[in-house]
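Reminder, nothing fancy here: chain letters follow the sequence lines and each chain counts from 1. Note that the structure is predicted; figures quoted are calculated from it, not measured. These values consider heavy atoms only, across backbone and side chains, with no hydrogens, waters or symmetry-generated copies.
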Amino acid sequence: MQSSSFLLAGAVSKLSSFFSVSYLFMFLPVSILLYFIAPKKLKKYVLLTESMLFFWLISGKLIVYLLFAVLIMHYCGIWLNSLQDEQRRALSDLPREERKPRKKRFERKQNAVVSFSVILLIGTLLVLKYSSFFSTNINTLFDALKLDLRIPVPSYIMPVGISFFSLQALSYIIDVRRGVVKADRNPVRLALFLSFFPQIVEGPIIRYSQTAMQLWNADRLSLRNLKLGMQRIMFGMIKKMIIADRLNPFVTNIFDNYTKFEGGMVAIGAIAYTIQLYMDFSGSMDVVIGTAQIFGISLPENFRQPFFSKSISEFWTRWHITLGTWFKDYIFLSITGSAKMKKLTSSARKKIGNHYGPLLAGSAALFCVWLANGLWHGAAWNYIFFGLYHFALILSGSLIKPLSRKFFQAIKIDPKHTAYQIFQMLRTGLLVVIGELFFRANGFRNGWRMFCRMISDFHFGAVDGTLIRKLGLDMYDCIIIAVTLLIVFAVSILHERGISVRATVEKKNVAVRWGFCYAMMAYIIMFGAYGIGYAAVDPLYAQF
Amino acid sequence: MERLYEILEDIQPDVDYATCDKLIDAHILDSLALLSLVSELEEEYDITIPTIEINQNNFNSAKKIMDLILRLKEDY
């Protein structure tokens, strides 16, 4: 895996982790205190100052990229708005039959503004994140063709969160273009929306329409929000510090030295990494959403019990939800909504039916979505494979859907039967683990070798307590991880049934409420993977 | 409205379109069904449905779909 890019740039690099002492015991409490004592009118400016300070502390002078994105949002938004006003004025004076061609002309102008902002925002991201990858591959191609040509391989330091805030900025511009929101003439409000410190490192990817006014109308702190936010933060710390960080040395050992292990151990490593990633990322999201709740801001959820999914397409509606909806709203719909694709859908539907007709245009759009998803995660072939692997799974799922429906009717299996649904969840889990193996592997080639080893050499002959201890997990670690996983699993079942643990506890008497808080705190202090013998692990998604 | 019910029924049968108001939220119309529906509506009603209009607010019920059609016809 690449090293966390923002650590290279940070003035106070330790602050970059939401689980560091400097963040949890200094930056966050001081931010809450300053927000608390500030007069209501100034609270939004306090939030903005804290957010900019946070970004500067972790990215230093690279803050210019964030300010650049704010400027693009501001000016392109206003530009689009003035074009839309001009269009309204011009069309209202025209007879109905002349409106259509005139409207098209205005739409072309607006699309040009959106393209301009895409070039600036995504172009910056491409240069910083991908130029090294592309130039290395071009040089490899020159070598393969035996051409005596080389292009320089640039190396740039990326500001933290650029993959997240670039998408946020672009979503605002496209939403203005689509008429979902009106252009905001206040650059300070846009800056607060783009830089809100809890979510700038790992998301969730927020939309202007959901969050900007919440932030701008920043209200007084409430004791209820403070309590609920702290509880959510502690639950995130349990996931990250007790499960994910404890699994880290074990996972690293297997992925770095997979040639020494048999296939069974590689499979255990892939499962352990999938658990680590989920606990790390969803735990970080708990901290982010909990922190925002303290300030009275409601952020969108990024996870919804993904391992209860019965198919890969359902999995992606429950895992990294805000990224999935971003790709759906701004790539999938843009492609399938184009005139050519609509024509293709219409004619294909007449020829090959209701299901396969739209699938033709849909699959072209899906391909772009998953290629973008893979590339968004990183500039490496294993990430591209990761995206296309999910594209292939989702497409094949859609292709066989009518056949599988007929098959189940023929053999009289009820797809809603609990046993079958559990089978579907396990099957989806297995496919996810295979995808994550490639995602975590040190390059595509190593991922492929690990996968082959897992298939061709699948046994557990050499797996015993001594080996697992050598890899970084003793019996104590295993028991703590297992018990904590059971707790998280139980909470997930309750959430799946629509029961909120925090809301339930809130209704209990004072002894139960405080007991709940102290129990969580004690659990983290006793069993968290920190201090001597543990290396702090940066949040895994911060590097993307 | 009857013609709209027929189109919807043709794309996704066995749904009570007169009462259902969660066509998108309840995943009754998935992405593929939406693609078919949009192209079918454009042909049937001679309208262009911009991408911006393909959202749950406009497609969650037959009534909302009809409102969209009427609004788009009015626009042109």
- Query: Above 12 or not: heavy atoms from other molecules or residues under 6.0 Å from OH of Tyr5(B)?
  - Reply: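 Yes, OH of Tyr5(B) has more than 12 neighbouring heavy atoms, counting only those of other groups under 6.0 Å.
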- Near Arg3(B) CZ, under 6.0 Å, is it more than 12 heavy atoms from other residues, nucleotides or ligands?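 Yes.
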- Message: With a 4.0 Å cut-off on N to O distance, would you call Arg178(A) and Glu53(B) a salt bridge?
- Response: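 Judged by the 4.0 Å cut-off on N to carboxylate O distance, Arg178(A) and Glu53(B) do not form a salt bridge.
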- Query: Charged N to carboxylate O below 4.0 Å: is that the case for Asp67(B) and Arg71(B)?
  - Reply: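 Between Arg71(B) and Asp67(B) there is no salt bridge, as every charged N stays at least 4.0 Å from the carboxylate O atoms.
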- For Asp25(B), side chain to side chain donor-acceptor pair (under 3.5 Å) partners two or more places apart: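 Only Gln56(B), Asn60(B) meet the side chain to side chain donor-acceptor pair (under 3.5 Å) criterion with Asp25(B).
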- Query: If you check every heavy atom in residues 399-407 of chain A against those of chain B, which residues fall under 4.5 Å?
  - Reply: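 Listed by number: Lys401(A).
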- Task: Cation-pi check, Lys103(A) to Phe106(A): give yes when NZ or CZ is under 6.0 Å from the six-membered ring centre and within 45° of the ring axis, no otherwise.
- Result: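 That pair does not qualify as a cation-pi contact.
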- Item | Between His355(A), Arg177(A), Met341(A), Arg349(A), the one whose heavy-atom pairs under 4.5 Å with chain B are most numerous |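 The answer is Arg349(A).
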- Message: Tell me the closest heavy-atom pair linking Thr336(A) and Gly362(A), and the distance in Å.
- Response: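 Result for this residue pair: CG2-CA, 4.3 Å.
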- Task: Using heavy atoms and a sub-4.5 Å threshold, report which of residues 7-14 of chain B line up against chain A, by residue number.
- Result: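 When heavy atoms of chain A are the reference, residues 7-14 of chain B contributes Asp10(B), Ile11(B) within the under-4.5 Å range.
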- Could you walk me through whether Trp370(A) and Phe327(A) pass side chain to side chain contact (heavy atoms under 4.5 Å, CB included), step by step? CA-CA 9 Å; Trp370(A) 286 103; Phe327(A) 284 130; over 6 Å; no
Do any side-chain atoms of residues 298-307 of chain A form donor-acceptor pairs under 3.5 angstrom with protein atoms, and if so which ones, sequence neighbours left out?
| unit_1 | atom_1 | unit_2 | atom_2 | d |
| --- | --- | --- | --- | --- |
| Glu301(A) | OE1 | Arg232(A) | NH2 | 2.9 |
| Glu301(A) | OE2 | Arg232(A) | NH1 | 3.0 |
| Asn302(A) | OD1 | Ile321(A) | N | 3.3 |
| Asn302(A) | OD1 | Thr322(A) | N | 3.0 |
| Asn302(A) | OD1 | Thr322(A) | OG1 | 2.7 |
| Gln305(A) | NE2 | Glu496(A) | OE1 | 2.8 |

- Rounded distance [0.5 Å steps], CZ in Arg318(A) versus OG in Ser309(A):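 The distance works out to 4.5 Å.
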